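Nothing here was measured: the structure is a model prediction, and the numbers come from that model.
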Amino acid sequence: MKKVSNYGVRATVLMAGTMLSGVAMAQTTPAAPAAQAQQAAPSATPPVVVSAPVRNIRTLTVRGSQRIEPDTVLSYTKLRVGQPYTTESLDQAIVDLLASDLLADAQIEGVETGDIVVVVRENPIINRVVLEGNKRLKDDKITKEIKLAPRQIFTRTAVRADVARIVELYRRQGRFAASVEPQMVMLDQNRVDVVFEINEGPKSKVRQINIIGNNVYSDSDLRKEMYTKQSRLFRVFSSATSYDQDRLAADQQKLRGFYLTEGYADFRVISAVAELTPDKRDFIITYVIEEGPRYKFGDVTVESAIRDFDGEKLAKTLPMKKGDQYNAKLIEDSITSLSEYAGLYGYAFTDVRPDIQRDREALTMGVNFNLAEANRTYIERVEITGNTQTQDKVVRREMRVAEGDAFNAFLVKRSQDRINSLGYFADKFEIKQQQGSTPDRVVLAANVEEKSTGELSLSAGFSSLEKFILQASIRQNNFRGKGQTLSASASYSSYSKSVELGFTEPYLFDKNIALGGTLFRRDYNSFNYYNSDRNELYSQVSTGGRLVVGVPLTEYWQLSGRYTLQQDDVSLDESTYYTNGVCDPLKAGRYLCEAIGNRLTSSIGASLIYDSLNSRIRPSRGSRLVLGADFAGLGGDVRYIRGTFDGDKYWNLGGWVLSAGLEGGYIHSLQKSPGEGVDPVRITDRFYLGEPQFRGFDIRGIGPRIRRTYLTGDAASGTQTLTTDNRYDDPLGGKAYYLGKLELEPPLGSGISELGLRPSIFMQFGSLFSLKKPLPTATFEQATDASGNLLYNSDGSPSLLPLSTPVTTTDGAALYLNSYTNSSGTTSTRYTTCATGYSATYGGTCSGGETNSAAVTTTSPFVEEYLSDTWKPRISVGIGVNWNSPFGPLRIDVAKALLTQKGDDTKLITFNVGTQF
């Protein structure tokens with residue numbers, strides 16, 4: 001903030017007015033002698049009036065002007081050499097000079113002699129304009145509103161005007177207690193600094209809203225309808241509690257609209273008064289209203305001058321009927337629907353006028369809608385402007401109408417939605433209808449505003465799903481202005497790495513055929529849970545490509561085909577899960593050992609798509625349905641058929657957006673099961689469900705799983721117990737799933753929308769199921785006492801003995817433990833293939849007579865449970881918010897699982913930053 005200091009003198013600018021100074025005009029007839037003559041004369045003799053003599057200006061000069069030419073000074077007066085002058089003419093000259101705003105003072109000398117000298121003192125030049133005390137409004141906001149500026153001539157009038165402008169700026173901010181004190185700091189060379197000392201004061205709130213005259217609805221009911229809210233502690237962050245004159249006028253319209261929709265057609269606001277409290281901190285608003293009686297609809301009819309329309313049939317389609325409560329909103333909706341109906345038949349400029357007959361005695365409002373005569377309209381031309389990069393054909397091919405076609409409002413709206421869905425142009429694009437060269441011609445004007453379609457992203461983030469994430473991607477959604485999509489991306493996280501290249505041509509050879517391809521390599525590390533810790537399980541490396549082609553069947557239906565060739569390599573960490581060079585089921589589980597290996601998948605698929613969404617980016621109405629089928633078996637090692645469906649429906653409920661969705665799938669193997677207890681569908685081809693699709697549950701948190709819990713304690717004494725501190729949870733996936741949701745997005749103000757915030761409340765339900773139950777990984781013997789009786793623990797469960805497994809070489813030869821004395825004199829053991837004696841090499845000649853013990857590994861007893869394989873639904877509810885933040889998209893969800901099944905893993909809060917899933 002600029003400060004003014006070290007000035008010698010700060011003079012207060014006089015704002016009340018300007019005092020005119022000058023030489024007193026001498027009277028030609030002395031007053032005293034005239035009075036004496038009047039007294040001496042007889043009472044019957046009238047007084048003698050002597051006229052002041054008129055003199056001529058002999059010379060006329062200007063003294064004191066520095067920047068202003070003398071001739072310029074004199075041009076503001078009517079004084080001229082040789083002309084007569086009087087006291088009145090000289091006074092008027094001073095007034096005219098000071099009114100020019102060029103002079104700070106003016107005087108006239110030489111009145112007695114006729115040698116007139118105009119003595120002036122020029123207004124100073126402004127050196128700079130300084131603002132002090134302004135914190136809520138920055139300097140740049142104020143300086144662009146005020147007129148005073150450096151190197152301009154200082155005038156009191158300009159200062160007063162700028163003070164008023166600054167005060168008005170603060171009033172617009174709701175600070176009615178703001179005051180401005182102008183100061184003038186005199187400098188040398190007739191210069192000044194103008195200082196506006198600003199006292200911003202507190203923001204004026206609305207302390208109370210009083211309503212007088214309301215009998216049907218309470219004050220609180222009516223206050224809920226207003227934009228302005230009373231200042232209360234729980235509204236400390238709301239801007240609606242500030243006083244705003246424009247908002248006051250809008251509130252009156254809101255009240256009127258509310259009463260008109262409730263049937264009170266005679267409602268009026270008699271007065272609306274906003275009174276500022278004495279301390280200028282708050283406002284008290286008082287409305288005086290008159291509700292009037294409630295009306296019902298009388299006869300509702302339609303008269304059409306367009307011969308193609310039947311008025312009686314149209315009247316039956318209207319939302320109100322005779323006897324219904326009067327609602328002005330229904331009349332507006334009826335006008336819109338009748339206009340749209342006429343537009344469907346080619347009448348672009350149909351004039352629909354409601355004729356309302358008010359019956360104050362019967363309290364009814366009859367409405368007759370008149371459709372004026374109109375000509376069927378044809379499209380003269382389609383004008384596309386504003387597209388500097390995008391080619392015209394990219395926009396025109398989304399138009400559902402063309403030059404020469406009959407006008408159709410539905411197809412025009414559909415064209416608008418398709419262009420919006422491209423994502424190349426600014427939101428809220430509309431196709432304007434303009435009058436053509438003749439009354440039956442219309443021009444469709446598509447004035448687009450292009451936005452950036454290229455995306456370069458270098459991001460780092462954290463998600464509850466993949467922990468730390470690094471991602472780099474480049475994508476151009478409108479490559480070369482032809483609507484093509486070109487993309488390349490790479491990502492790295494704790495559990496996945498991927499590289500992907502893609503290209504899509506939406507109109508191949510300018511035909512309505514889409515062709516796209518993708519090359520990818522994905523390295524994914526699956527995991528299970530050891531207690532609550534995530535534990536890396538198996539690695540899946542997928543390398544391949546996909547070719548996709550799509551053709552439209554109708555305006556809303558599309559057929560898409562695809563071919564995928566993919567090589568999968570599934571492996572386990574040998575140091576953790578292998579024994580004697582092979583996968584050990586006791587460590588990894590039988591189901592994981594069966595998934596290891598390289599497999600080639602060659603599949604072909606098709607999808608039938610229905611899409612009537614008004615926007616693919618952020619839909620608010622319409623539907624989308626995708627039915628898909630895939631067949632794997634065109635060569636390769638894997639054969640299956642898979643079917644999926646995914647449907648969504650959106651409703652716009654007065655600004656609220658309600659959406660419902662349902663998806664599901666089933667996969668069936670065309671290969672025989674490799675063995676008992678082994679599902680023929682590979683673990684990598686199955687469906688999985690949980691975070692992020694199913695909020696309220698952890699990643700892969702529902703569906704078939706194996707839970708392995710180890711026993712602690714002594715089997716011989718029957719004191720074994722299951723411990724949750726030593727538990728593994730392995731999700732296995734399923735062959736069938738379904739997932740549904742209901743989600744509601746509230747309407748937001750423009751300020752919140754510009755921040756990119758999208759809150760919502762939701763409910764989800766779903767399940768993952770249908771898998772062949774795996775065989776137990778191991779069978780443990782039950783402990784017995786000395787008499788051979790089976791032992792049980794205190795909870796009734798059997799006491800289990802540890803499992804001993806012989807240790808073998810990679811060739812399957814049994815290994816033994818040989819005891820020997822090492823160089824330090826201590827006894828150690830070593831592996832050998834000799835049951836008696838020792839050989840330094842496996843399978844070599846044994847020497848010595850000592851007997852060796854068989855080498856075994858001991859596995860502590862555990863209990864395996866096969867859980868959560870059921871079609872029964874899980875249900876969760878919650879709230880969430882999407883935020884397109886400056887550092888990347890962010891999603892936070894708080895969801896509570898209301899209905900679960902045994903084995904499910906729930907999660908209350910999930911968030912993702914820096915990338916989208």
Side-chain angles (χ1 to χ4, degrees), residues 464-465 526-535 537 589-592 595 644-646 660-668 677-679 681 683-710 722-743 761-777 795 797 862-880 893-910:
S464 55
L465 176 64
S526 181
F527 50 84
N528 64 1
Y529 285 92
Y530 175 62
N531 301 327
S532 59
D533 297 327
R534 195 175 294 185
N535 182 46
L537 195 56
R590 189 188 307 276
Y591 38 85
L592 291 181
T644 58
F645 68 90
D646 186 1
L662 182 64
E663 62 176 283
Y666 181 78
I667 183 171
H668 175 73
V678 181
D679 199 287
V681 177
I683 194 171
T684 55
D685 293 329
R686 300 169 190 166
F687 299 109
Y688 291 89
L689 201 56
E691 183 193 349
Q693 309 103 310
F694 203 158
R695 292 162 286 188
F697 294 89
D698 210 335
I699 173 71
R700 300 187 173 186
I702 70 171
R705 61 210 320 102
I706 292 291
R707 176 178 291 175
R708 179 187 298 183
T709 307
Y710 284 84
L722 293 172
T723 173
T724 57
D725 295 333
N726 195 1
R727 171 184 289 176
Y728 286 91
D729 192 339
D730 295 336
L732 304 182
K735 294 188 295 184
Y737 86 99
Y738 65 89
L739 178 64
K741 71 168 184 176
L742 283 173
E743 191 158 2
I761 57 176
F762 57 84
M763 184 276 287
Q764 289 189 277
F765 63 92
S767 183
L768 176 69
F769 55 98
S770 183
L771 194 67
K772 181 178 288 188
K773 182 178 180 180
L775 293 177
T777 300
D795 61 357
S797 62
F862 56 81
V863 175
E864 277 188 345
E865 297 176 278
Y866 180 63
L867 303 172
S868 204
D869 187 0
T870 174
W871 60 268
K872 295 180 180 179
R874 286 75 159 174
I875 299 177
S876 68
V877 295
I879 59 175
D893 290 294
V894 180
K896 174 66 175 178
L898 300 180
L899 182 61
T900 62
Q901 302 296 329
K902 184 179 180 181
D904 292 346
D905 294 327
T906 61
K907 193 169 188 178
L908 180 64
I909 300 176
T910 58

Decide yes or no for F769 and S868: does some side-chain heavy atom of the first lie under 4.5 Å from some side-chain heavy atom of the second? no

For a 4.5 angstrom cut-off between non-hydrogen side-chain atoms, does L739 reach L662? no

Measuring from L898:CG to Q764:CD, what's the distance to the nearest 0.5 Å? 12.0 Å

Quick test of your reading of the model: are E865 and R705 salt-bridged, counting only N-O distances below 4.0 Å? no

If you count every heavy atom of other residues, nucleotides or ligands that lies below 6.0 Å from I879 atom CD1, does the total exceed 12? no

Could E864 and R707 be called an ion pair, given the rule that one side-chain N must be under 4.0 Å from one carboxylate O? no

Any side-chain heavy atom of L742 within less than 4.5 Å of one from F762? no

Identify whether the distance between the nearest side-chain nitrogen and carboxylate oxygen of R708 and D730 falls below 4.0 Å. no

Backbone N/O of R695 and side chain of S876: donor-acceptor pair under 3.5 Å: yes

Is any side-chain heavy atom of V678 closer than 4.5 Å to one of P774? no

Are T906 and R874 close enough that a side-chain donor and a side-chain acceptor fall under 3.5 Å? no

Heavy-atom nearest pair, F687 first then Y666, reads CE1-N, 3.6 Å

Is D869 paired with K773 through a side-chain N to carboxylate O contact shorter than 4.0 Å? no

Could you walk me through whether L732 and R686 pass the side-chain contact (heavy atoms from CB on, under 4.5 Å) check? CA-CA 8 Å; L732 304 182; R686 300 169 190 166; 3.9 Å; yes

Taking side chain to side chain donor-acceptor pair (under 3.5 Å) as the test, write out the residues that go with S797, two or more places apart. N793, D795

Tell me the closest heavy-atom pair linking I875 and M763, and the distance in Å. CG2-SD, 4.2 Å

Do Y737 and E663 meet the criterion of a side-chain donor-acceptor pair at a distance under 3.5 Å? yes

